[in-house]
Amino acid sequence: MRLDGKVAVVTGAASGMGKAIAELYAKEGAKVVVADLNIEGAEAVAGGIKASGGEAVAVQTNIAKLEDIHAMIDKAVSEFGTLDILVNNAGMMDNMAPVGDVSDEKWDLIFDVNTKGVMRAIRKAIPIFLDKGKGVIVNTASTGGFSGAHAGAAYTASKHAVIGITKNTGFMYAQKGIRCNAIAPGATMTNITAGTTDWNEFGASRTKVTQGVIPRVGQPEEIAQVALFLASDESSFVNGAVVAADAGWTAGF
Ligand SMILES: NC(=O)c1ccc[n+]([C@@H]2O[C@H](COP(=O)([O-])OP(=O)(O)OC[C@H]3O[C@@H](n4cnc5c(N)ncnc54)[C@H](O)[C@@H]3O)[C@@H](O)[C@H]2O)c1
C-alpha cells in the first residue's frame, strides 16, 4: 500500500474529486479526515470507507471559516495522532462573469473558499510538518489557474493564486521535508456546476471557444490517481509543481 499508516485530511471530500481522493487514499492505507461543508455527504463517504475496512472520520468544515479549518486539522491529530498529508481540494466555480460584471460578494466568496481557505489550511498544517520534518500538501488548482479562457474572472484569479501559493510554499519549505504540489484538472465529471443558476451569458459564451476543443471529460478517479502519486513517496523529487490532468486540453490552449 502506497500510503500505509499516513494520516490525510481531504477537503471537499463529500463529492467529486475529493470523494475519489479520500476513497483511494483509504484504499492505499491512509487514515482519512473527510472534510466538507456537506456533512451528510462527508459522513456517507467516511461510512463507505469504513465499510470497506478502511479508517475515516467525517468533519463538517466550511473552508471559508478559520475556526472550522483549525477544528479540521485538530481532528486529524486528536483522532489519528498526527497529520501527514493535506489535500486542499474544496472549491467552487463562479458564474463565468468577466471582470466588468463581477460583484464584490461573488469575488470575496470565491476567494475565501478557493484561495484563502487553502492558505489558512496550509498555515495551520505547517507547524505539524515542521515538527515532523515531513509533510505533503496537494492543492486542487485548475486549468483555469493558467488559462484565461476557462472560467470567469473570480474563479480564474482564485486558481492562479492557488498555483502561486503552491509554488511559494514548495520553494520556501523545500529544505524542511515539506512538499507542496498542485493538480490542474481540466473538465471533469463532478457536481461543480450543479448549484450555479446565475450564469453570465457573455462570459459563458466566451469560454465556449476553448470548451469546444476539450479532448474529453475526465472522471474524478483519474484526478485521484494524480493526487495519490503526489501524496506518496514516489513523487519525492516533485515539489512546487503543477500537474495538468486534462487529456491534453491545455497542451493546445
Ligand atoms: N470539475 C471540474 O471540471 C474541475 C476542473 C478543474 C478544477 N476543479 C476543482 O476541483 C475541486 C473539486 O471540485 P469538484 O469538481 O470535485 O466539485 P464537486 O462540487 O463535486 O465537489 C466539491 C466539494 O467541495 C465542497 N465545498 C464547497 N464549498 C465548500 C466550503 N466552503 N467548505 C468546504 N467544502 C466545500 C462541496 O460541498 C463539494 O462536496 C475544486 O477545487 C474545483 O475548483 C474542478
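Predicted, not measured: the structure shown is a model, and the values here were computed from it. Throughout, residue positions are numbered sequentially from 1 according to the sequence presented.
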Non-hydrogen atoms of Gly186 and Trp249 that approach each other most closely: CA-CE3, 3.9 Å

Contacts of Lys132 that satisfy side chain to side chain donor-acceptor pair (under 3.5 Å) - sequence neighbours left out: Thr82, Asp84

Nearest non-hydrogen partners of Ser142 and Lys159, listed with the distance: CB-CG, 3.8 Å

Side-chain hydrophobic cluster, 4.5 Å single linkage: members besides Phe237: none

Shared-cluster residues of Val209, by chain and number - hydrophobic side chains joined below 4.5 Å: none

Minimum-distance pair of heavy atoms, taken over all atoms of Arg179 and Ser235: NH1-O, 2.8 Å

With Thr156 via side chain to side chain donor-acceptor pair (under 3.5 Å) - residues at least two apart: none

Check: Met17 main-chain N/O paired with Asn89 side-chain donor or acceptor under 3.5 Å: no

Within 6.0 Å of OH in Tyr173, more than 12 heavy atoms from elsewhere: no

Residue list, side chain to side chain contact (heavy atoms under 4.5 Å, CB included) with Ala182, at least two apart or on another chain: Asn139, Ala141, Thr166, Val242

Residue that, paired with Asn200, satisfies side chain to side chain donor-acceptor pair (under 3.5 Å) out of Asp101, Asn95, Thr207: Asp101

With sequence neighbours excluded, residues passing salt bridge (Lys or Arg N to Asp or Glu O under 4.0 Å) with Glu79: Lys75

Check: Tyr25 and Val87 side chains under 4.5 Å, non-hydrogen atoms: yes

Heavy-atom closest contact (Ile69 atom, Arg120 atom, distance): CD1-CB, 3.5 Å

Flag side-chain contact, heavy atom, 4.5 Å: Leu37 against Ile63: no

Trace of the side-chain hydrogen bond (donor to acceptor under 3.5 Å, both in side chains) decision for Asn191 with Ser15: CA-CA 7 Å; Asn191 296 312; Ser15 171; 2.9 Å; yes

